[in-house]
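Values reported hereafter were calculated over all heavy atoms of this structure, with side chains retained and with hydrogens, waters and symmetry mates removed. Owing to the predicted nature of the structure, the values given are computational and were not obtained by experimental measurement.
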Amino acid sequence: MEPQSMKGEKRPFGELWLKVLGGPPWLRRPLPKVGCPREAPVARMSTQSTHPPKPEAPRLPPAISSCQRRHTLPASEFRCLTPEDAVSAFEIEREAFISVLGVCPLYLDEIRHFLTLCPELSLGWFEEGCLVAFIIGSLWDKDRLMQESLTMHRPGGHIAHLHVLAVHCAFRQQGRGPILLWRYLHHLGSQPAVHRAALMCEDALVPFYERFGFHAMGPCAITVGSLSFTELHCSLQGHPFRRRNSGC
């Protein structure tokens with residue numbers, strides 16, 4: 001059946017569709033101009049490098065100051081111990097010495113005793129507020145160490161007797177002992193009343209202490225049970241300049 005126009009004349013249905021509706025959708029698209037071929041899409045070079053991106057360096061939080069940023073251990077703190085640190089120090093010392101020597105250089109009451117009388121002769125290394133290594137000393141007024149120097153503090157003396165150096169088991173083999181010892185000797189050098197440092201140790205540890213300027217004085221008069229020790233002394237005059245020889 002064919003549609004009729006308004007004037008009654010007959011026209012093909014397809015012609016009427018083109019006129020009224022514009023034809024099917026694919027015929028309503030604009031046709032390219034004659035003589036102007038369609039442009040081929042231009043290949044664009046990617047501006048992104050073919051190499052994988054370099055990982056960004058980690059950024060420290062703004063709260064960390066520039067002075068802290070220079071340290072390899074930004075949470076580290078060195079300070080003199082107080083009697084409140086005695087329990088933590090004894091726990092570290094007991095684990096370090098009991099298994100090796102069977103005895104402790106200082107027991108809890110002795111640690112409290114020295115930290116009450118002469119806290120300025122101690123030094124602790126703290127990580128995020130927890131004690132990880134320490135040295136405790138006292139003053140002595142004789143040329144050589146004697147049995148009573150294990151428990152006595154002589155305020156008029158000029159020799160700092162190093163009773164114990166201990167590092168927490170989780171922080172050993174990291175070079176903390178040498179760093180702490182050098183800092184401690186530097187700390188002692190800032191005290192005019194202290195002229196020398198003295199300690200006793202087993203023969204196997206003598207080379208370690210010699211790196212810091214200690215010299216063997218011969219067998220120590222102090223014995224602990226069947227254990228014997230070598231006594232070593234170190235002059236504190238100009239000691240800060242010896243760091244280059246300490247390996248720290």
Side-chain angles (χ1 to χ4, degrees), residues 72-73 76 78 80-81 89 92-93 95-106 114 118 120-125 132-147 149-150 153-154 157-169 171-248:
T72 56
L73 300 170
S76 295
F78 294 88
C80 295
L81 301 178
I92 295 174
E93 181 191 16
E95 188 279 330
F97 287 92
I98 289 292
S99 60
V100 178
L101 300 178
V103 294
C104 284
L106 297 176
F114 287 123
C118 49
E120 71 282 359
L121 297 176
S122 67
L123 187 65
W125 188 340
V132 300
F134 69 93
I135 295 176
I136 294 177
S138 65
L139 288 180
W140 184 242
D141 58 355
K142 300 289 192 299
D143 290 336
R144 298 290 297 269
L145 299 177
M146 304 174 64
Q147 199 73 28
S149 62
L150 293 178
H153 168 63
R154 299 286 178 85
H158 298 288
I159 297 177
H161 175 202
L162 281 64
H163 292 276
V164 57
L165 186 164
V167 180
H168 191 283
C169 59
F171 294 87
R172 293 173 194 157
Q173 305 300 322
Q174 299 178 15
R176 293 177 183 264
I179 293 174
L180 180 62
L181 179 57
W182 182 87
R183 282 180 172 266
Y184 181 75
L185 294 175
H186 184 74
H187 171 67
L188 291 180
S190 66
Q191 303 183 37
V194 182
H195 300 165
R196 283 186 294 166
L199 58 85
M200 62 181 195
C201 70
E202 296 179 284
D203 291 343
L205 293 175
V206 170
F208 170 79
Y209 289 106
E210 287 179 338
R211 291 165 48 191
F212 299 87
F214 282 88
H215 299 282
M217 305 295 291
C220 185
I222 301 173
T223 57
V224 178
S226 60
L227 299 175
S228 59
F229 306 94
T230 298
E231 183 172 340
L232 297 97
H233 287 203
C234 174
S235 174
L236 298 177
Q237 296 180 355
H239 187 271
F241 300 100
R242 299 184 180 183
R243 181 177 185 180
R244 64 182 181 270
N245 297 323
S246 66
C248 297

Can you measure from [atom1] ([X]) to [atom2] ([Y]) and round to the nearest 0.5 angstrom?
{"X": "R183", "Y": "F78", "atom1": "CZ", "atom2": "CZ", "result": "4.0 Å"}
{"X": "H153", "Y": "L139", "atom1": "NE2", "atom2": "CG", "result": "5.0 Å"}
{"X": "I135", "Y": "L81", "atom1": "CD1", "atom2": "CG", "result": "10.0 Å"}
{"X": "H163", "Y": "S149", "atom1": "NE2", "atom2": "OG", "result": "7.0 Å"}
{"X": "F114", "Y": "S122", "atom1": "CZ", "atom2": "OG", "result": "11.5 Å"}

Do the side chains of [Y] and [X] get nearer than 4.5 Å, heavy atoms only?
{"X": "L232", "Y": "F212", "value": "no"}
{"X": "F214", "Y": "V206", "value": "no"}
{"X": "L165", "Y": "Y184", "value": "no"}
{"X": "K142", "Y": "R154", "value": "yes"}

Return a table of donor-acceptor pairs under 3.5 angstrom between the side chains of residues 191-201 and protein atoms on other chains or two or more places apart.
unit_1: Q191; atom_1: NE2; unit_2: E120; atom_2: O; d: 3.2
unit_1: Q191; atom_1: NE2; unit_2: H187; atom_2: NE2; d: 3.2
unit_1: R196; atom_1: NH1; unit_2: H233; atom_2: ND1; d: 2.9

With sequence neighbours left out, write down each residue that passes salt bridge (charged side-chain N to carboxylate O under 4.0 Å, His left out) with E95, or none if nothing qualifies.
-> R172

Can you tell me which residue pairs pass the salt bridge (Lys or Arg N to Asp or Glu O under 4.0 Å) test with a partner in residues 97-106, sequence neighbours excluded?
-> none

Verify, without hydrogens or angle tests, whether E93 (side chain) and C104 (backbone) share a donor-acceptor contact under 3.5 angstrom.
-> no

